[in-house]
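Before any comments, here is the structure.
All ligand and atom numbering here is 1-based and tracks the order in the structure.
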Amino acid sequence: MNTLPQSVKAFQRIGEENALTVLARSVELAAEGRDIINLGVGQPDFQTPEHIVEAAIKALRDGHHGYTPFNGILPLREAVAARTLTTTGIEVSPDNIMIMPGGKVTMFAAIMMMGEPGAEILYPDPGFPIYRSMIEFTGAKPIPVPITAANNFSFSAEETLSLINKNTRLLIINSPGNPTGGVAPRSEIELLVKGLEAHPHVMIMSDEIYDTILYDGETHLSLLEFPSIRDRLIILNGWSKTWAMTGWRLGWSIWPDHLYGDVRKLALNGWSCVNAPAQFGGIAAINGPQDAVEHMLGEFDKRRKIIVKLLNRLPGVTCAMPKGAFYAYANMADTGWKAKELATSLLEDTGVAIVGGPDFGILGEGYVRLSYANSVENIEKAIARIDEYLRR
Ligand SMILES: Cc1ncc(COP(=O)(O)O)c(C=O)c1O
């Protein structure tokens with residue numbers, strides 16, 4: 001296979017998102033008649049709120065069947081700009097907003113733009129697996145930024161800054177974070193931004209897709225709120241998590257002027273536009289009532305407390321209370337299992353789907369991620385099965 005062109009070899013470096021592989025295996029086992037409880041996949045178990053669904057149906061009935069502008073319809077970009085002003089106090093022009101087919105596509109675009117052999121890209125570890133996968137695809141060197149229990153499952157600004165050198169092109173930040181549910185403290189973000197001022201060659205991509213999913217009075221601090229890095233900041237956000245719209249494939253990003261034309265051309269070459277009715281659904285999501293979102297957050301909060309309490313009763317397991325997202329990230333190093341082996345065996349032997357920490361990075365050994373986007377009844381049943389399994 002040495003005759004393969006470099007471009008194909010690059011494709012062989014693309015990784016996977018194991019939470020989706022776990023989901024596929026769960027579906028297979030369920031089809032065989034097994035009773036599966038899925039705490040693996042990272043998507044809300046709620047339906048998209050009715051008024052959003054109705055807005056998309058109405059858009060189709062009203063004849064919105066054609067292409068839209070590559071960067072998204074203006075009323076949707078205006079809605080995103082208005083929401084950004086409300087949540088961050090920062091004015092963003094709709095001309096800097098790109099509507100994307102999902103949150104993931106922004107990381108794809110940003111990493112493709114910044115990555116090449118010789119470049120280094122810093123990414124959170126453990127973190128969303130696609131960061132590293134895409135970095136490796138471009139030939140850039142992935143440099144993990146440790147996300148540790150000692151730092152309350154966030155990054156240390158000092159440690160992050162120490163990893164920057166002249167080859168560093170991009171720094172990826174994700175708070176609230178997947179898989180840990182960690183939230184970067186304001187003080188650490190401020191220190192990081194201050195330090196980044198000495199490294200003007202480093203672009204920053206801030207993945208803020210869980211910006212509304214916060215607990216215990218935590219508030220979101222967007223990197224947009226720091227003028228000193230605005231001209232090299234890409235914000236990733238979207239509808240998937242906040243409005244339970246994972247299957248709609250709808251996201252947005254905010255780009256500096258000097259990159260906007262390039263990402264718009266990528267859209268033109270790659271996907272032309274996001275499907276029109278989804279964009280109308282997106283307007284209804286942002287501009288419509290938020291009570292369904294509030295309800296969902298209340299439920300997540302209840303389940304978060306229950307799952308963490310139950311996890312801490314398991315032999316060899318400890319779990320800190322996550323501050324955001326909908327994942328419990330449990331330390332199971334004292335069970336005597338390797339994390340991925342435990343996750344695989346639990347699914348095959350007990351029908352409980354969870355994801356091993358190593359699927360989120362080299363620092364993930366000793367941990368498993370459990371999504372609590374599932375009913376209290378199922379969470380209790382799943383943890384009882386895990387308990388029995390660990391005590392066997
Ligand atoms: C941190 C993070 N960023 C981005 C995404 C991708 O979101 P989307 O489904 O909108 O592509 C996810 C999804 O799990 C995520 O956890």
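Distance from atom 7 (O) of ligand 1 to its nearest protein heavy atom, with residue and atom name: Ile209 CD1, 3.5 Å. Of the protein's heavy atoms, Arg249 NH1, 3.1 Å lies nearest to atom 9 (O) of ligand 1. Scanning the protein for heavy atoms near atom 14 (O) of ligand 1, the closest one is Lys241 NZ, 2.6 Å. Protein heavy atom nearest atom 6 (C) of ligand 1, with residue, atom name and distance: Lys104 N, 3.8 Å.
Annotation: the span from Ile354 atom CD1 to Ile37 atom CD1 amounts to 12.0 Å, rounded to 0.5 Å. The CE atom of Met112 lies 13.5 Å from the CD1 atom of Ile135; values are rounded to the nearest 0.5 Å.
Ligand 1 places these atoms under 4.0 Å from at least one heavy atom of Asn174: 1 (C). The distance from ligand 1 to the heavy atoms of Tyr131 drops below 4.0 Å at these ligand atoms: 1 (C). If you number the atoms of ligand 1 from 1 as listed, the ones under 4.0 Å from a heavy atom of Met107 come out as 3 (N), 4 (C). Atoms of ligand 1 found under 4.0 Å from any heavy atom of Ser240, numbered from 1 in the order shown, are 8 (P), 9 (O), 10 (O). With ligand atoms numbered from 1 in the order given, ligand 1 contributes 1 (C), 15 (C), 16 (O) to contacts under 4.0 Å with heavy atoms of Asn178.
With respect to Arg25 and Glu348, a salt bridge is recorded, a charged nitrogen being found less than 4.0 Å from a carboxylate O. Ion pairing between a basic and an acidic side chain is recognised when a charged N comes within 4.0 Å of a carboxylate O; Asp211 and Arg83 show such pairing.
In this pair, Trp239 and Trp243 present their aromatic rings tilted. The plane angle is within the 30 to 60° band. Between Tyr215 and Tyr372, the ring-plane angle classifies as tilted under the 30° and 60° cut-offs.
In this structure, a donor-acceptor pair under 3.5 Å is present between the side chains of Ser228 and Glu197.
At under 3.5 Å, a nitrogen or oxygen of Tyr210, whether backbone or side chain, sits near a nitrogen or oxygen of ligand 1.
Taking the centre of each ring, Phe326 and Phe300 come in below the 6.0 Å mark.
Closest heavy-atom approach to atom 1 (C) of ligand 1 within the set Asp207, Asn237, Thr246, Ile172: this belongs to Asp207.
Counting heavy atoms under 4.0 Å from ligand 1, residue Trp248 does not touch it at all.
Assignment of Gln43 to the shell around ligand 1 is not supported, since no heavy atom sits closer than 4.0 Å.
Under the salt bridge (charged side-chain N to carboxylate O under 4.0 Å, His left out) test applied with Asp359, the options Arg132, Lys340, Arg369 reduce to a single match, Lys340.
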